[in-house]
A.B. asks: 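Handing you this structure, nothing more for now.
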Amino acid sequence: MCGIVGYIGQRRAYDILIQGLHRLEYRGYDSSGVAIINEEGSLNIYKSKGKVEALEHYAENKDLSGNIGIAHTRWATHGEPNDINAHPHCSESGRIAMVHNGTIENYSVLKEALSNKGYTFVSQTDTEVAVQLIEYIMQTNNCSAFEAVKEATKRIVGAYAIAVVDRQNPNTIIAARQSSPLVIGVGEDEYFIASDATPIIEYTNKVVYLNDGEIAVINRGEELKVYDCKSADESKIEITELQMSIEELEKGGYPHFMLKEIFEQPRTLADCISGRISADGKQVTLSGIIEHKDIFLNTNRIIIVACGTSWHAALIGKHLIEDFCRIPVVVEYASEFRYSNPVITKGDVLIALSQSGETADTLAALEKAKSAGAFVFGICNVIGSSIPRATDSGCYIHVGPEIGVASTKAFTGQVTVLAMMSLLIGQMKGTISDSKLQEIASDIRRVPTLIKEIFKLNDQIQELAKIFTYAHNFLYLGRGYNYPSALEGALKLKEISYIHAEGYPAAEMKHGTIALIDNDMPSVVIAIKDNVYEKTVSNIQQVKARGGKVVAIVTEGDTIVSQMADYVLEVPQISECLTPLLTAIPLQLLAYYIAVNKGRNVDQPRNLAKSVTVE
Ligand code: M6R
């Protein structure tokens with residue numbers, strides 16, 4: 001959580017920092033702040049509770065001059081969201097300022113030790129402890145901020161990406177990372193620091209991804225230097241060229257990123273598929289798998305770890321892989337897996353599924369499996385993020401930056417990659433016939449066009465949303481491939497509208513949940529024509545018999561469900577295993593319009609942040 005930005009160069013730092021904070025606001029929006037050293041050597045810090053806009057308002061008419069600075073947008077962990085707990089935090093003397101993304105686990109021990117030495121603290125944050133520690137080291141060791149930060153990283157336990165400025169040295173920013181992302185943009189006589197590349201792309205496409213345990217010294221007008229914090233050895237700098245455009249980071253005329261991202265799906269899925277399925281549908285290519293063919297041919301088990309929406313995609317992946325590869329698949333919440341005692345053997349393959357590639361629990365689960373000898377494979381969206389860098393192999397979903405906190409296009413991208421993956425492994429193992437592979441691969445190629453067809457439901461869904469805006473509870477029901485779709489539909493509604501919703505396997509409902517059904521408890525039932533269609537029809541009848549309202553998502557031309565459901569949304573016919581790619585669209589739109597009707601902040605729902613880089 002939290003986004004950090006830094007700048008050193010010739011331009012006015014404030015403008016770049018603020019613009020960068022807007023780009024990173026999806027990571028946290030409880031409070032924000034900037035620290036800038038001006039020409040006279042004053043360190044000006046402005047902070048404000050709330051969104052970046054509130055900070056801009058607060059900073060109006062203040063001294064915003066200076067061409068070196070750091071900034072932060074916060075998702076609160078230690079201490080409530082208020083002005084005092086907002087970053088940047090300052091050392092007691094006012095000399096050092098720091099921004100931090102992550103959590104310092106031993107902060108209370110460090111705080112006590114520093115308190116005993118006479119340090120006082122104004123905030124409740126772990127970050128203030130770290131910045132005081134840095135100044136304490138500078139004073140006791142009589143060293144530079146760089147030496148002090150390096151030493152502090154040896155005493156701090158936890159996750160951090162930090163940027164530090166020293167009022168007495170206005171030509172240097174120090175940055176370091178451990179388990180939280182940090183990217184340095186390399187411009188002409190200027191450098192940018194950010195939690196991800198989105199604040200950097202409009203200035204330069206050359207970036208350096210800092211590795212865990214590294215510290216960077218960014219000196220004005222000099223070459224970037226990166227060192228290993230422990231050994232102090234200089235690291236070889238690898239400059240990566242970003243493949244990202246600014247248009248991808250803008251709303252492009254849509255009122256919200258979420259709506260833009262929903263409507264982008266025909267293109268993002270075309271990008272995801274591009275070059276991976278031959279025109280005749282006979283061949284699937286995913287180099288991350290082909291290069292490790294023996295591993296996938298010989299594995300006896302695949303474990304998929306993920307959180308939230310990615311976990312729902314993983315459940316669909318289980319069906320796909322078991323159906324087409326006949327390999328047993330276990331899907332685990334990463335947060336549970338990392339603290340459990342799983343039996344992992346060398347022949348296991350662990351797939352870490354994550355849009356951001358930064359989710360702390362998924363990363364930790366991956367590390368656990370890796371150290372137990374499993375082959376670890378990543379399926380991520382954000383290029384260069386921590387998970388792809390920690391895995392043995394993987395493939396990107398290539399759906400472009402997802403900025404709305406509610407995941408939409410990443411979900412369909414993940415399912416698409418899992419589908420292609422299962423076809424490829426199935427083909428390698430001979431567990432899928434050529435004709436079946438060709439049928440499904442060709443259907444994957446049709447998905448973007450079919451999704452465009454589904455967008456014709458937009459007005460109908462908008463009307464439907466009006467009817468249900470004031471519901472207090474919702475049930476989402478589905479079976480087989482679309483049970484995870486029901487979970488995902490419920491999560492979408494919950495997180496952006498704050499309406500309570502539960503996803504259930506439709507048949508499981510009668511073991512308890514059915515007691516909730518009445519006229520005030522609408523059910524969204526995914527009742528497409530699949531191998532359990534008749535069973536789902538019975539479940540709808542059970543709901544109707546108890547006075548429940550039913551919104552059904554059905555296959556085009558369905559005449560049975562339309563007679564019993566109150567409202568029907570039709571999606572085109574496609575191979576059963578791909579139906580979640582189509583049913584996802586009306587579920588996303590329904591949640592979106594209900595949330596808009598309720599006046600919610602769709603892109604930045606309360607209490608949430610896009611990347612969950614804390615436990
Ligand atoms: O970046 P990840 O895919 O690892 O994120 C996992 C979850 O935090 C994420 O899917 C979350 O549940 C979304 N807000 C759902 O829309």
Side-chain angles (χ1 to χ4, degrees), residues 1-3 24 26-29 75 179-181 195-196 198 256-259 261-262 265 304-317 331-338 350-367 378-391 394 396-415 417-418 476 484-485 487-498 501 503 584 587-592 595 600-615:
M1 305 304 204
C2 305
L24 292 182
Y26 73 90
R27 300 177 68 90
Y29 31 84
W75 185 83
S179 307
S180 293
S195 296
D196 69 32
T198 56
H256 297 102
F257 280 109
M258 182 179 175
L259 192 62
E261 287 158 7
I262 292 172
Q265 288 173 103
I304 314 182
V305 290
C307 304
T309 287
S310 299
W311 188 78
H312 300 153
L315 293 177
I316 297 167
V331 177
E332 299 268 9
Y333 281 118
S335 54
E336 289 295 313
F337 183 86
R338 67 180 290 190
L350 178 128
I351 300 175
L353 189 58
S354 170
Q355 185 285 129
S356 62
E358 298 293 350
T359 300
D361 287 324
T362 310
L363 196 53
L366 176 167
E367 296 293 356
I379 301 179
C380 296
N381 187 33
V382 179
I383 294 171
S385 55
S386 299
I387 290 174
R389 289 148 67 76
T391 43
Y396 285 110
I397 61 172
H398 289 308
V399 299
E402 189 182 66
I403 294 170
V405 164
S407 189
T408 51
K409 62 177 181 171
F411 173 75
T412 49
Q414 289 169 334
V415 174
V417 164
L418 286 161
Y476 282 72
S485 311
L487 295 177
E488 177 57 9
L491 177 61
K492 285 292 85 82
L493 186 73
K494 272 186 277 202
E495 68 180 329
I496 59 169
S497 73
Y498 319 147
L587 294 173
Q588 294 168 353
L589 286 170
L590 184 64
Y592 172 79
R600 304 301 191 211
N601 188 337
V602 171
D603 283 336
Q604 297 170 345
R606 69 182 180 201
N607 306 338
L608 287 172
K610 185 73 183 160
S611 325
V612 186
T613 56
V614 294
E615 287 192 50

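Counting begins at 1 with the first residue of the sequence. As the structure lists them, so they are numbered: ligands from 1, and atoms in each ligand from 1. Quick note: numbers below take in every heavy atom, side chains included, and nothing from hydrogens, waters or symmetry partners.
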A.B. asks: Given C380, S310, S356, which has its nearest heavy atom closest to atom 1 (O) of ligand 1?
C.D. replies: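 The residue whose heavy atom sits nearest atom 1 (O) of ligand 1 is S356.
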A.B. asks: May I ask you to identify, for E358, whether its side chain, its backbone, both or neither come under 4.0 Å of ligand 1 on a heavy-atom basis?
C.D. replies: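 Neither part.
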A.B. asks: What about G308: any of its N or O atoms under 3.5 Å from an N or O on ligand 1?
C.D. replies: no
A.B. asks: Any atoms of ligand 1 less than 4.0 Å from a non-hydrogen atom of E495? List them with their elements.
C.D. replies: 13 (C), 14 (N), 15 (C), 16 (O)
A.B. asks: Compute whether any side-chain donor of one residue and acceptor of the other, for Q414 and S310, lie under 3.5 angstrom apart.
C.D. replies: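 Yes, because at least one side-chain N or O of Q414 sits under 3.5 Å from a partner of the opposite role on S310.
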A.B. asks: Near S407, which atoms of ligand 1 are under 4.0 Å from a heavy atom of that residue?
C.D. replies: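 Selected atoms, number and element: 15 (C), 16 (O).
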A.B. asks: Quick one: does any side-chain atom of D196 pair with a main-chain N or O of P181 as donor and acceptor, under 3.5 Å?
C.D. replies: no
A.B. asks: Any side-chain donor paired with an acceptor under 3.5 Å for Q265 and T412?
C.D. replies: yes
A.B. asks: Quick check on contacts: which atoms of ligand 1 are under 4.0 angstrom from a heavy atom of K492?
C.D. replies: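 Heavy-atom distances to K492 below 4.0 Å select 15 (C), 16 (O).
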A.B. asks: Evaluate the side-chain proximity of E495 to L608: yes if any heavy-atom separation is below 4.5 Å, no if none is.
C.D. replies: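 Yes, close enough: below the 4.5 Å cut-off.
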A.B. asks: Does any N/O atom on S354 come nearer than 3.5 Å to any N/O atom on ligand 1?
C.D. replies: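 Yes, at least one N or O pair falls under 3.5 Å.
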A.B. asks: So, applying side-chain contact (heavy atoms from CB on, under 4.5 Å) with K492, which one of L590, L587, T309 is it?
C.D. replies: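 Result for side-chain contact (heavy atoms from CB on, under 4.5 Å) with K492: T309.
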A.B. asks: Relative to the heavy atoms of V405, which atoms of ligand 1 are at a distance of less than 4.0 Å?
C.D. replies: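 Numbered from 1, ligand 1 contributes 13 (C), 14 (N), 16 (O).
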A.B. asks: Within the structure, does T359 bring an N/O atom to less than 3.5 angstrom of an N/O atom in ligand 1?
C.D. replies: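 N/O-N/O distance under 3.5 Å: yes.
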A.B. asks: Considering heavy atoms of the protein only, find what lies nearest to atom 6 (C) of ligand 1 and give residue, atom and distance to 0.1 Å.
C.D. replies: C307 O, 3.3 Å
A.B. asks: Could you check if a side-chain atom of W311 sits within less than 4.5 angstrom of a side-chain atom of L491, using non-hydrogen atoms only?
C.D. replies: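 Contact flag for W311/L491 side chains = no.
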A.B. asks: With the side chain counted from C-beta on, respond yes when I403 and T198 share a heavy-atom pair under 4.5 Å apart, and no when they do not.
C.D. replies: no
A.B. asks: Which residue and atom name correspond to the protein heavy atom nearest atom 11 (C) of ligand 1, and how close is it?
C.D. replies: T309 N, 4.2 Å
A.B. asks: Using a 4.0 Å cutoff against the non-hydrogen atoms of A406, which atoms of ligand 1 qualify?
C.D. replies: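 Reading through ligand 1 atom by atom, the close ones are 16 (O).
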A.B. asks: Checking a contact table here: which protein heavy atom is nearest atom 8 (O) of ligand 1, and how many Å away?
C.D. replies: V612 CG2, 3.8 Å
A.B. asks: Within the structure provided, determine whether I383 and H398 are in side-chain contact (heavy-atom separation under 4.5 Å).
C.D. replies: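 Heavy-atom side-chain distance check passes, below 4.5 Å.
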A.B. asks: Answer yes or no: is there a side-chain heavy-atom contact under 4.5 Å between L259 and L589?
C.D. replies: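 SC-SC contact between L259 and L589 confirmed.
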